[in-house]
Amino acid sequence: MSGIQRATGMQDTLPDDWPYWDLVMNTATRLARDYGFDRIDIPILEYTELFERGVGTASDVFVQKEMYTIAEPNGKDLSLRPEFTAGVTRAFLENGMGSWSQPVKLFMFGPIFRRERPQAGRYRQHSQFNAEIMGEMDPASDIEVMMLAMNLYRELGYRGLAFQLNSTGCRACRPAYVAKLSAYLRQFEDQLGDVDKERLAKNPLRVLDSKAPGMDELLADAPHLVDHLCDDCADHFGELRQLLDALDQRYTVNFRLVRGLDYYEKTVFEVWAEGIGAQAALCGGGRYDLSPEIGGHSVPSVGFGSGVERIILGLKEAGIEPPAAVEPPVLIAHFGGVTKVAATQLAFRLRHAGIGTWVAFASGRRSMKSQMREADKRAVRYVLVLGESEIEKGVIAVRPMQGGEQTIVDSTQIVTWLKEAGC
RNA sequence: GCGGGUGUGGUGUAGGGGUUAACACGUCUGGUUGUGGCCCAGAAGAUCGUGGGUUCAAAUCCCACCACUCGCCCCA
């Protein structure tokens, strides 16, 4: 087609998709509230500097190439948020949440923007469900966040879910490990692809994440980060695993799980499901402390983000159907003129009474047959026929569309009648 | 930013140089006096992604671009 199209990587969410969105958002909200999380909304636009200092320290690619930035006359550029974490951390500090009852447990929904190449389950604008526990170091808080994600997918009907778990250590223990890993990888440098050679030079941890063929063999004897944790990180990880075991949760300690945003420390995790193209991860999360980066005191936090479009894609592939949207059970047919006026009045009377109602529109005359066809396509339960003769007698002809005899109902009784019929 | 695939009415497809671009589904109207689903009749709707080029002639051949799509990078 010609004319203006959607911008690259943007999606229209059509009416047929909304049952899925309702299902996901309602389930997530209910679970989050059961777990003691409160909803927060934060701006879609923030000063670019926030992301530069928050996310930028971890992933310069994000900030330099993947953010949508709007130049402002005063020089304080704004950017569409590429993730939630920097924004909630800012909101935490700005609203003095450090003086609320600790920890602060928040969840949020909303669009996220990243200027990357679209592919299956990945868009330039996508919506995330995020949950964060802020101001708490206890590994039990890691568990709550992880279980919120897992149970969300379970309740939605996903099968074959698995936790992928790792610890990325902390400032104290990670550098020594990275040195060991680099030394190991340099032995095989000539076997690495261009991309991995560059990673080895810039950020060796990311080589672990490589999808290049032959990496399994190459990394077979690579050192594992979990074997090189400091006491603090090792204790945290150990307790986390104990708790997962106590909850009978299956998980894979995946030494190659390295999150792209490496502001994470200690816990990192994903939940994997099969069949979403190359995007197996339904969510990604972990422990972080972004607050010092943006000028605050330490706020140890743990959270995750989950892409709603990706969740829905998986539901569709698994053949999981959401409850159908509730459509009006009644359509009013008329013959124009005074009957149109009466039909319009009746429609609003029914709607005020809480009965969903369609009215047949017609700028001129319109055959009963045409209106009945419309009623059939709209799958209503009753057609209320309102013509001259009905108006004269003060009645309405009620035609049941799913079988049964057409009946005459007194106009004053129509609401009661429909309610009793279950509308 | 890099690579592969694809681009014909709303949707799914057919047509592979020659006057009115076909089919199915969908949409709308009608099938006598005010009544659905089946059936019948009819209508609307595409300058064949865009722009160049070759040719007497291009939806059909060539080039470029764009979009969509799958994957890489990165990530939910």
Side-chain angles (χ1 to χ4, degrees), chain A residues 1-11 14 24 55 58-67 82-85 109-130 149 153 193-196 198-199 202-203 206 209-213 258-262 270-273 276-285 303-314 331 333-336 339 360 362 364-390 397-403 406:
Chain A
M1 72 151 253
S2 56
I4 298 174
Q5 296 173 261
R6 264 178 285 151
T8 298
M10 305 294 160
Q11 301 285 303
L14 301 176
V24 172
V55 195
S59 170
D60 52 335
V61 178
F62 240 41
V63 171
Q64 288 168 4
K65 293 169 66 179
E66 297 194 353
M67 276 204 312
E83 52 110 57
F84 269 113
T85 313
F109 288 102
I112 294 293
F113 300 84
R114 295 174 191 169
R115 197 175 179 291
E116 42 189 6
R117 207 60 192 280
Q119 61 190 74
R122 182 222 256 156
Y123 311 102
R124 288 186 170 183
Q125 177 183 337
H126 76 276
S127 287
Q128 278 191 14
F129 168 61
N130 265 228
Y153 309 133
D194 291 345
V195 172
D196 287 319
E198 179 147 351
R199 284 164 153 174
K202 283 186 177 170
N203 188 349
R206 297 218 55 79
D209 196 33
S210 175
K211 288 173 189 162
V258 186
R259 317 252 40 254
L261 301 171
D262 35 46
E270 293 183 349
V271 176
W272 286 6
I276 322 177
Q279 322 299 330
L282 280 172
C283 71
F304 73 91
S306 187
V308 178
E309 289 85 351
R310 197 173 285 187
I311 295 174
I312 290 172
L313 189 63
L331 180 139
H334 64 267
F335 301 99
T339 65
R365 79 202 183 301
R366 185 165 164 203
S367 71
M368 178 83 322
K369 178 175 296 226
S370 169
Q371 297 183 63
M372 292 301 293
R373 279 183 176 147
E374 179 178 349
D376 185 59
K377 271 176 294 202
R378 303 219 186 269
V380 300
R381 294 176 56 198
Y382 298 99
V383 173
L384 308 190
V385 180
L386 199 45
E388 285 86 351
S389 60
E390 282 81 7
V398 180
R399 165 148 190 135
M401 295 296 282
Q402 294 152 346
Q406 181 161 320

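All values below were derived from every heavy atom in this structure, side-chain atoms included, with hydrogens, water molecules and symmetry-related copies excluded. The chains referred to below are lettered A, B, ... by the order of the sequence lines, with proteins before strands, and numbering in each begins at 1.
Atom pair Glu198(A):CD and C73(B):C1' shows a separation of 10 Å (rounding to whole Å applied). Atom-to-atom, CG of Leu14(A) to P of U11(B) comes out at 11 Å; the value is rounded to the nearest Å. The interatomic distance linking Asp194(A) (CG) with G3(B) (C1') rounds to 14 Å, in whole Å. Distance Ile312(A) CD1 to A76(B) P: 18 Å, rounded to the nearest Å. The interatomic distance linking Arg122(A) (CZ) with G71(B) (P) rounds to 9 Å, in whole Å. Asp209(A) has its CG atom 8 Å from the P atom of C73(B), to the nearest Å. What separates CD of Glu270(A) from C1' of C75(B) is a distance of 9 Å, to the nearest Å. If you take CZ of Phe109(A) and P of A76(B), they are 17 Å apart, rounded to a whole angstrom.
The environment of CD in Gln406(A) is crowded: more than 12 heavy-atom neighbours from other residues, nucleotides or ligands sit within 6.0 Å.
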Quick one: what's the B/S/- string for nucleotides 31-39 of chain B, heavy-atom cutoff under 4.0 Å, read 5' to 3'? B--BBBS-B

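Using C1' as the reference atom, C48(B) and C23(B) are 15 Å apart when rounded to the nearest Å. Annotation: C72(B) and U55(B) have their P atoms spaced 45 Å apart (nearest Å). If you take atom C1' in C62(B) and the same atom in U69(B), they sit 25 Å apart, rounded to whole Å. Taking atom C1' on both nucleotides, C70(B) is separated from C39(B) by 44 Å, rounded to a whole Å. Separating the P atom of G34(B) from that of A41(B) is a span of 25 Å, rounded to the nearest Å. On the C1' atoms, A14(B) is 27 Å away from G51(B), given to the nearest whole Å.
Using a 4.5 Å cut-off on side-chain heavy atoms (C-beta onward), Tyr153(A) and Val271(A) make contact. Under the 4.5 Å side-chain criterion, counting only non-hydrogen atoms from C-beta, Val383(A) is in contact with Val385(A).
To the nearest 0.5 Å, atom CD of residue Gln5(A) and atom CE of residue Met10(A) are 14.0 Å apart. Atom CD of Gln11(A) sits about 5.5 Å away from atom CZ of Arg6(A), to the nearest 0.5 Å. Going from atom CZ of Arg399(A) over to atom CG of Leu331(A) covers 13.0 Å, rounded to the nearest 0.5 Å.
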Name the pairs: protein N/O against N/O of nucleotides 66-69 of chain B, kept only if under 3.5 Å.
from   : atom 1 : to        : atom 2 : distance (Å)
A67(B) : O2'    : Gln5(A)   : NE2    : 3.4
C68(B) : OP2    : Thr8(A)   : OG1    : 3.2
U69(B) : O4     : Arg117(A) : NH2    : 3.4

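Nearest heavy atoms, Arg310(A) versus Arg122(A): NH2-CB, 4.1 Å. The minimum heavy-atom distance between Ser306(A) and Ile311(A), with the atom names listed, is OG-CD1, 3.4 Å.
The side-chain hydrogen bond (donor to acceptor under 3.5 Å, both in side chains) test with Arg366(A) is passed by exactly one of Glu374(A), His334(A), Gln371(A): Glu374(A).
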RNA chain B in dot-bracket form (Watson-Crick or G-U pairs under 3.5 Å, [ ] crossing, | inter-strand) is ((((((((.[[[[.)..(...]]]].(((((.......))))).....[[[[[..)....]]]]])))))))....

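With hydrogens and angles disregarded, a donor-acceptor distance shorter than 3.5 Å links the side chain of Glu83(A) to the backbone of Thr85(A). Checked by atom type and distance alone, the side chain of Arg114(A) pairs as donor or acceptor with a backbone atom of Pro82(A) at under 3.5 Å.
Along RNA chain B, the nucleotide closest to His126(A) and the one closest to Arg115(A) are compared, and the more 5′ of them pairs with Arg115(A). Of the two residues near RNA chain B, Arg366(A) and Ser210(A), the one whose nearest nucleotide lies more 5' is Arg366(A).
For Asp376(A) and Arg373(A), the salt-bridge test fails: no basic side-chain N is under 4.0 Å from an acidic carboxylate O.
Distances from the side chain of Lys211(A) to the nucleotides A76(B), U29(B), C72(B) place C72(B) closest.
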